[in-house]
Amino acid sequence: MADKPKRITDIGAPHFSKFLPPVIAKNYGKWKYHEVIDKGTMKHVSETGDELYTVRIATPRLVSTDYVREMCAYADKFSGGHLRWTTRHNVEFFPAKDQVEPLKTALKKDGHLVGGIGYGISNVVHTQGWIHCHTPATDASGVVKAVMDELHEYFTTKTLPARVRIALACCLNMCGAVHCSDIAILGIHRKPPKVNEATIANQCEIPTTIASCPTGAIAPNPAAKSVKIKEERCMYCGNCYTMCPSLPLADAHGDGISIYVGGKVSNARGVPRMSKLAIPFLPNNPPRWPEVVQAVKHIVEVYAKDARKHERMGEWIERIGWERFFKLTGIPFTYQHIDDFTFARDTFRMTPTFKWE
Amino acid sequence: MDAAEVQKKVYEMVEKMQGKKKLKPKDISNALEAEGATKEEVKAALRELIDGGKLVYSYFGGTAVEIPHTEGSANPQS
Amino acid sequence: MSKDGKTPMLDDLEKGAWPSFVKEIKKAAVKSNTAKDLLNILERSYRDKVTHWKHGGIVGVLGYGGGVIGRYCDLPEEYPGVAHFHTVRINQPAGNYYTSNALRELMDIWDKYGSGLTNMHGSTGDLVLLGTQTDKLEAIFAETTAKGWDLGGSGSCLRTPSCCVGNSRCEFSNIDSMEICDTLTHKFQDELHRPAFPYKFKIKVSGCANDCTAAIARADMSIIGTWRDDIRIDQAEVKNCSKDMDIKTEVCDMCPTHCMSWDGSTLKINNKDCTRCMHCINRMPKALRPGKEKGATIMLGGKAPIVTGALMSWVIVPFMKLEKPFDNIEDLIRKLWEWWDEHGKNRERIGELVDRMGMRSMLESTGLPPVPQMVKAPRSNPYVFWSPEDVK
């Protein structure tokens with residue numbers, strides 16, 4: 001390796017100070033208050049009296065280099081060459097006061113959705129799905145696109161009692177950690193992996209494959225240089241498939257989507273909480289997943305009608321009770337709703353006080 | 001322990017287990033510490049072997065150290 | 001792909017108001033066969049209702065154990081453009097601020113070596129370059145590092161730390177979340193690139209209890225800004241707020257500790273009862289501000305479900321001052337890693353280890369004292385493990 005040029009390693013990310021707009025660099029740590037001007041615009045005011053305007057738009061998360069260049073062109077024209085991405089895949093620009101309206105007009109003219117601020121639905125945090133993942137139970141980008149085509153007005157104009165954070169993970173490993181979202185759309189498998197006996201001996205290390213299973217559902221099958229699946233133990237995480245490509249578990253009929261609701265990470269008013277199962281299974285029906293879109297829209301609409309101002313979905317459900325949530329939404333309650341995994345007992349009702357509906 | 005000796009032992013250990021068990025850096029360290037090497041010596045040896053391309057990290061739900069090879073899922077590059 | 005190369009199902013997702021990822025893939029496909037075959041194989045997945053990807057665990061750049069995720073399609077003869085479809089994680093700058101020039105440089109490199117598709121950003125926070133081949137990885141690494149960028153984490157290592165906008169644009173922030181994130185990223189370069197942990201470890205930094213980075217749900221170490229003294233009140237601004245909102249109903253009655261009262265002219269807060277949840281400050285940012293004695297609550301253990309179920313982080317240090325050069329938090333993290341390294345099983349996250357070994361083991365090895373802020377309530381079960389030392 002001595003003849004190669006010296007490699008640069010371990011430099012980490014560039015320091016953010018290289019990228020800050022001058023007004024931010026100047027007022028760093030001095031912000032006094034902010035005002036939400038409309039669903040796509042905020043104003044922050046510094047103790048120095050300086051003002052910072054932010055304009056936000058939605059992106060599809062999966063974007064082309066040309067899309068990024070397009071964002072750069074807006075930044076050059078309206079925002080001093082500066083821009084940022086939010087943790088929910090929105091783009092933000094920092095125009096001077098007199099550039100706010102021209103920027104918004106230009107963005108809207110080019111078909112971009114200005115919004116995402118305040119009480120409504122911001123962009124959906126999601127995973128890769130069929131675009132790039134090896135264990136997904138559904139697509140990610142397509143489901144999000146279909147859902148948000150239906151709900152986009154909550155991003156741009158319509159308001160809700162509080163923020164509704166929607167997130168999608170395409171399998172239960174949740175590289176997108178969606179488990180504390182107001183509405184979590186979660187891909188699930190329902191069938192154990194199938195052993196490809198023709199390839200497993202060549203493709204996979206048997207002991208590591210067996211060790212990969214969190215529930216001990218894989219047993220050796222030495223005669224065939226293969227493995228056996230104890231199907232009743234499998235909870236469909238796909239870890240074995242990561243280890244061994246001869247154990248695919250994707251299945252057109254078995255795979256689909258479940259909906260969890262009522263989670264949040266903010267501590268405002270009440271502590272953070274995990275999302276809980278509302279709908280155990282909906283089928284994969286690409287390209288538009290109509291059952292999923294309708295279910296999400298329905299839950300949002302029931303919440304919008306019944307919740308009090310500032311109440312997040314989980315706070316609303318806890319006030320009215322889960323029994324009334326199922327009544328109001330008309331969602332059937334099933335065996336799957338009752339936990340039978342690690343933390344199950346915590347969820348049982350240890351009091352005879354409850355509502356009938 | 002002498003640096004070259006630690007490297008040799010690390011490599012042999014990985015070679016012996018290749019295809020049978022995926023060794024984590026921690027497994028290697030534990031084994032060689034039992035033979036008298038220090039944690040730091042094993043870490044340095046791993047770094048030397050990996051930077052030299054003799055060993056590589058792999059990730060299959062957990063990180064392991066292996067001798068470079070074509071993995072089961074790999075396709076020929078078009 | 002149907003025989004004629006048409007993609008009718010995906011074409012349908014070009015319609016509608018929400019921005020379309022299909023349009024983006026098509027834009028990239030004009031220049032890249034990889035993007036073109038991504039479109040084709042995705043249409044195939046839409047038809048088959050299953051994925052067509054296999055995991056590759058061994059590709060990467062020399063010397064690093066993370067930053068590249070290997071992918072191969074399972075139909076390489078039909079879709080040769082995506083026979084390899086590896087992902088490169090670029091460590092994002094803290095706060096996700098960019099200049100147009102810096103982004104264009106990255107995009108030019110990516111057009112040269114990859115599909116021209118990217119995620120801004122991935123779930124953990126990295127800028128994700130999506131879809132390239134094994135033989136391009138070293139060139140991508142050389143060109144991006146030459147421009148000042150480095151790879152993010154993957155594997156059993158420190159994953160790329162991330163943070164909220166903090167002091168750069170938020171008056172709620174109680175800590176310099178961006179500087180903390182950047183500093184820790186640089187202090188821990190070895191742990192980020194050369195995986196030596198039992199499993200992954202994530203750090204997220206949020207400036208206040210609104211937790212815009214979802215640190216509590218998504219990070220093994222959640223650093224969340226808070227304060228110790230009194231909320232600052234501007235009574236004149238409170239009065240202004242009362243013109244547009246019912247302060248009693250929307251603020252006082254929704255306070256979880258009922259520590260506030262409003263008589264129409266003065267807002268009173270019993271700060272001793274306040275738990276700093278942020279609701280009142282969120283509602284009246286012009287009138288109320290966090291106190292001046294700022295720091296962070298340090299929490300441990302958050303993670304997604306795999307392997308034994310999702311956890312949310314819990315308090316291990318109720319209040320820690322966090323100021324440059326942040327040696328105190330570095331020191332704590334290193335001690336936690338040592339304890340985890342010593343006791344953790346393969347693929348056991350640090351929160352799960354606390355679950356298995358108990359808080360005491362972790363507290364003793366890190367030197368943290370037990371305090372009531374760590375628990376919702378003390379134990380009710382009488383099966384207490386006494387050590388001989390305790391009984392002396």
Side-chain angles (χ1 to χ4, degrees), chain B residues 3 6-7 9-11 13-34 37-78, chain C residues 33-34 37 53-86 132-136 138 153-157 190 193-200 306-307 338 340-349:
Chain B
V6 184
Q7 281 183 40
K9 280 178 183 280
V10 169
Y11 188 85
M13 191 178 163
V14 176
E15 194 176 34
K16 196 177 145 205
M17 297 309 284
Q18 183 90 349
K20 300 189 185 89
K21 182 178 190 300
K22 292 200 189 299
L23 294 176
K24 302 185 296 291
K26 178 77 177 162
D27 298 330
I28 297 167
S29 193
N30 285 348
L32 290 184
E33 279 169 54
T38 66
K39 227 179 234 181
E40 291 68 34
E41 285 170 345
V42 181
K43 195 177 171 188
L46 271 173
R47 173 102 189 238
E48 196 62 31
L49 288 163
I50 288 167
D51 282 351
K54 292 204 177 70
L55 297 180
V56 289
Y57 288 111
S58 69
Y59 183 65
F60 295 92
T63 291
V65 177
E66 301 182 48
I67 293 165
H69 62 96
T70 305
E71 56 191 318
S73 61
N75 297 323
Q77 194 166 336
S78 52
Chain C
N33 282 330
T34 305
D37 263 352
W53 301 109
K54 297 179 289 182
H55 174 71
I58 209 158
V59 294
V61 301
L62 182 71
Y64 280 14
V68 177
I69 315 298
R71 282 291 174 271
Y72 305 94
C73 78
D74 63 1
L75 301 163
E77 283 81 23
E78 286 174 73
Y79 307 100
V82 289
H84 290 208
F85 193 67
H86 310 321
T132 190
Q133 291 84 34
T134 304
D135 65 2
K136 312 268 177 63
E138 282 297 330
S154 62
S156 300
C157 65
D190 193 44
H193 297 306
R194 292 173 196 84
F197 296 155
Y199 204 14
K200 63 185 92 167
I306 197 70
V307 177
E338 256 172 56
W340 183 37
D341 184 54
E342 191 176 333
H343 303 289
K345 293 188 206 164
N346 187 30
R347 305 193 69 206
E348 186 173 47
R349 297 281 283 268

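The shown structure was predicted, so the numbers you read here are calculated from the model rather than taken from an experiment. Quick note on labels: first sequence line is chain A, next is B, and so on, each numbered from 1. Scope of the values below: all heavy atoms of this structure, side chains included, with no hydrogens, waters or symmetry mates.
Residues B:S58 and C:I58 come closest through the heavy atom pair CB-CG1, 4.0 Å. The minimum heavy-atom distance linking C:L62 with B:I50 is given by the pair CD1-O, 3.5 Å. Scanning all heavy atoms of the two residues, the minimum distance from B:P25 to C:P195 falls at CG-O, 3.4 Å. Across all non-hydrogen atoms, the minimal contact from C:S156 to B:G62 is OG-CA, 3.5 Å.
With B:K24 contributing its side chain and C:P198 its backbone, the two residues share no donor-acceptor pair below 3.5 Å. Using a distance-only test at 3.5 Å, with no hydrogens or angles considered, a donor-acceptor pair links the side chain of B:S73 to the main chain of C:H55.
Between the NZ atom in C:K54 and the CD atom in B:E71 there is a gap of 9.0 Å [rounded to 0.5 Å]. Distance CG/B:N75 to CZ/C:R71: 12.5 Å, rounded to 0.5 Å. Between the NE2 atom of C:H193 and the OH atom of B:Y57 there is a distance of 11.0 Å, given to the nearest 0.5 Å.
For the set C:G56, C:G60, C:G155, the count of heavy-atom pairs under 4.5 angstrom toward chain B peaks at C:G155. Among the candidates C:T134, C:N33, C:D74, C:I69, the residue making the largest number of heavy-atom pairs closer than 4.5 Å to chain B is C:T134.
Residue contact with chain B, scored on non-hydrogen atoms closer than 4.5 Å, involves the side chain of C:D190 exclusively. Of the atoms belonging to C:F197, not a single heavy atom falls under 4.5 Å from chain B. Of the atoms belonging to C:R194, heavy atoms from both backbone and side chain fall under 4.5 Å from chain B. Looking at B:K22, neither its backbone nor its side chain comes within 4.5 Å of chain C, counting heavy atoms on both sides.
More than 12 non-hydrogen atoms from other residues, nucleotides or ligands lie less than 6.0 angstrom from NZ of C:K136.
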